[in-house]
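Heads up, the thing below is written out as structure tokens.
In what follows, chains carry the letters A, B, and so on, assigned in the order in which the sequence lines appear, proteins first and then strands, with residues in each chain numbered from 1. Reckoned from all heavy atoms, side chains included, excluding hydrogens, waters and symmetry mates. From a predicted model like this one, the values you see are computed outputs, not experimental measurements.
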Number of protein chains: 2
Amino acid sequence: MAKIKENSTNSLNRKFLTDCNLTYAVQLMGGRWKLLILMQLNAGTMRYGELKKKIVNITERMLTLQLRELEADGLIARQVYAEVPPRVEYTLTDIGRQLVPICDALHGWGTLHRSHVSGEASTLFH
Amino acid sequence: MAKIKENSTNSLNRKFLTDCNLTYAVQLMGGRWKLLILMQLNAGTMRYGELKKKIVNITERMLTLQLRELEADGLIARQVYAEVPPRVEYTLTDIGRQLVPICDALHGWGTLHRSHVSGEASTLFH
DNA sequence: TATGATACCTACAAAAATGTATGTAATGGC
DNA sequence: GCCATTACATACATTTTTGTAGGTATCATA
């Protein structure tokens, strides 16, 4: 993560939004790749390298960053095995798993929205 | 909105994530102030100035930007009255309103997460 | 004629998020 | 001794998001 200026308006606004449990929740899941990671882990525990393969376009840096944040926020757990070459496994925590049904609902809403949009577009043709 | 470089990896990744209906949904609601606006409008149609008063820390520029995006994405509707001084009202659309129960669920999850975190912290005291 | 009200707009600046390129440790097998 | 493997770390560059400061149009009213 890049450094953050503690007293910028930007940063203060972020803190202000943390007070609301809704925007707080969005802050926790809002990173670009976080939900994809969560959905992968919902299918089962995975190693770093497996995640990298599954999430096609993510870079190692981004994967690491998002994993670190998810871990810091308690949505996933990180298990390191003292082996060489290293083996690190990531698993959803309870609270992380509780986000999954909401993701499903969001997925459904996204699907609906998309059909809505393309549906509106198709009305142009008759 | 600021200009966007169509062919940056950043931009291409955004498009890639648009393919998934889950991350697509998050893109639609992910702006910093968007959900606060939606929740306000869920209480009823509101004028620009009312929103500004309700959402304490938002600047006019940000309010305008987020409203424009929400409108472009069909989550809210904008009604202009030909009066002086101008009067503009914003209302949730159907698809926008369908996001509300999901926001409620997210709010609940946020509350749970927060109590989880502070709960863990409090275990330090005994 | 000046002022206030409302809902913006614009140029610019700052901050944050994301991506690129390269390097590292440890160890087993060749 | 050299290489491959894995899960990162680090410095840096680019892109995007957010915030700052000022301005605009219209018309009724003072």
- Considering only heavy atoms, which members of residues 28-42 of chain A lie under 4.0 Å from some atom of DNA chain C? A:Arg32, A:Trp33
- Message: Any base atoms under 4.0 Å from A:Tyr90, or only sugar-phosphate, or nothing? Heavy atoms, all strands.
- Response: sugar-phosphate
- Quick one: which residue pairs count as a side-chain hydrogen bond (donor to acceptor under 3.5 Å, both in side chains) with a foot in residues 100-112 of chain B, not counting sequence neighbours? A:Asn21-B:Thr111
- Item | Interatomic distance, B:Phe16 atom CZ to B:Thr23 atom OG1 [nearest 0.5 angstrom] | 8.0 Å
- With sequence neighbours excluded, tell me which residues meet side chain to side chain contact (heavy atoms under 4.5 Å, CB included) with A:Thr18. A:Tyr24, A:Gln27, B:Arg114
- What is the distance from atom CD1 of A:Ile95 to atom CG of A:Asp73, rounded to the nearest 0.5 Å? 11.0 Å
Dump the pairs, protein N or O against N or O of nucleotides 10-13 of chain C, anything under 3.5 Å, distances to one decimal.
none

- Message: Within the structure provided, determine whether B:Thr64 and B:Arg61 are in side-chain contact (heavy-atom separation under 4.5 Å).
- Response: no
- Rounded to 10°, the angle between the first-five-pair and last-five-pair axes of the helix from C:dT1-D:dA30 to C:dC30-D:dG1 is 30°
- Message: With a 4.0 Å limit, can you tell me whether B:Thr9 has a side-chain N or O closer than that to the phosphate oxygens OP1/OP2 of C:dT20?
- Response: yes
- Query: Heavy-atom contacts under 4.0 Å between residues 43-56 of chain B and DNA chain C, which residues?
  - Reply: B:Arg47, B:Tyr48, B:Gly49
- Do the side-chain N or O atoms of B:Asn13 get closer than 4.0 angstrom to the phosphate oxygens (OP1, OP2) of C:dG19? yes
- To the nearest angstrom, how far is B:Arg14 atom CZ from D:dT14 atom C1'? 14 Å
- Message: Within the 4.0 Å heavy-atom criterion, would you say B:Glu60 contacts the bases, only the backbone, or no part of the nucleic acid?
- Response: base
- Item | A:Asn57 side chain near B:Leu17 side chain, heavy-atom distance below 4.5 Å | no
- Task: Indicate whether OP1 or OP2 belonging to D:dT16 is found under 4.0 Å from a side-chain N or O atom of B:Ser8.
- Result: yes
- Query: Residues two or more places apart in sequence or in another chain: which of them pass salt bridge (charged side-chain N to carboxylate O under 4.0 Å, His left out) with B:Glu60?
  - Reply: B:Lys52
- Message: Tell me the interatomic distance from A:Glu69, atom CD, to D:dC8, atom P, rounded to whole angstroms.
- Response: 15 Å
- Query: If you look only at pairs with a residue in residues 78-96 of chain A, which of them pass as a salt bridge (Lys or Arg N to Asp or Glu O under 4.0 Å), with sequence neighbours excluded?
  - Reply: A:Glu83-A:Arg87, A:Arg87-A:Glu89
- Gap between atoms CG and C1', on B:Leu67 and C:dC9 respectively (whole Å): 14 Å
Could you list the donor-acceptor pairs under 3.5 angstrom formed by side chains in residues 28-43 of chain A, with sequence neighbours left out?
{"unit_1": "A:Arg32", "atom_1": "NH1", "unit_2": "B:Asn10", "atom_2": "O", "d": "2.9"}
{"unit_1": "A:Arg32", "atom_1": "NH1", "unit_2": "B:Asn10", "atom_2": "OD1", "d": "3.2"}
{"unit_1": "A:Arg32", "atom_1": "NH2", "unit_2": "B:Asn10", "atom_2": "OD1", "d": "3.1"}
{"unit_1": "A:Lys34", "atom_1": "NZ", "unit_2": "A:Glu69", "atom_2": "OE1", "d": "2.7"}

- Kindly say whether B:Ser8 contributes a backbone atom to a donor-acceptor pair with the side chain of B:Ser11 at under 3.5 angstrom? no
- Query: Can you tell me how far C1' of D:dT20 sits from CG of B:Leu65, to the nearest Å?
  - Reply: 13 Å
- Item | Under-4.0 Å side-chain N/O to phosphate OP1/OP2 contact, A:Arg68 with D:dA9 | yes
- Starting at CE of B:Met62 and ending at P of C:dC9, how long is that distance when rounded to a whole Å? 13 Å
- Please confirm whether the backbone N or O of A:Leu75 pairs with a side-chain atom of A:Thr93, one donor and one acceptor, at under 3.5 Å? yes
- Item | Heavy-atom side-chain contact between B:Val88 and B:Tyr81 under 4.5 Å | no
- Task: Using a cut-off of strictly less than 4.0 Å, decide whether A:Asn10 has a side-chain nitrogen or oxygen near OP1 or OP2 of C:dA14.
- Result: no
- Task: Could you tell me the separation between the CG atom of A:Leu22 and the CD1 atom of B:Ile102, rounded to the nearest 0.5 Å?
- Result: 11.5 Å
- Spacing of B:Leu17 atom CG relative to C:dT18 atom C1', expressed in whole Å: 12 Å
- Item | Heavy-atom protein contacts under 4.0 Å, nucleotides 24-30 of chain D, coded B base, S sugar-phosphate only, - none | --BB---
- If every non-hydrogen atom of A:Ala25 is compared with every non-hydrogen atom of B:Gly110, which pair is closest and at what distance? CB-CA, 4.0 Å
- Task: Name the closest nucleotide to the A:Thr59 side chain, picking from C:dA16, C:dG19, C:dT18.
- Result: C:dG19
- Task: For residues B:Ile76 and B:Leu67, determine if any side-chain heavy atom of one lies less than 4.5 Å from a side-chain heavy atom of the other.
- Result: yes
- Item | Which residues share a side chain to side chain contact (heavy atoms under 4.5 Å, CB included) with A:Thr9, sequence neighbours left out | A:Asn13
- Would you kindly give the CG-to-P distance between B:Asn7 and C:dG19, to the nearest whole Å? 15 Å
- Where the side chain of A:Glu50 meets the backbone of A:Arg47, is there a donor-acceptor pair that is under 3.5 Å apart? yes
- Between CD1 of A:Ile58 and P of D:dC8 the distance, given in whole Å, is 13 Å
- Do the side-chain N or O atoms of A:Arg78 get closer than 4.0 angstrom to the phosphate oxygens (OP1, OP2) of D:dC8? yes
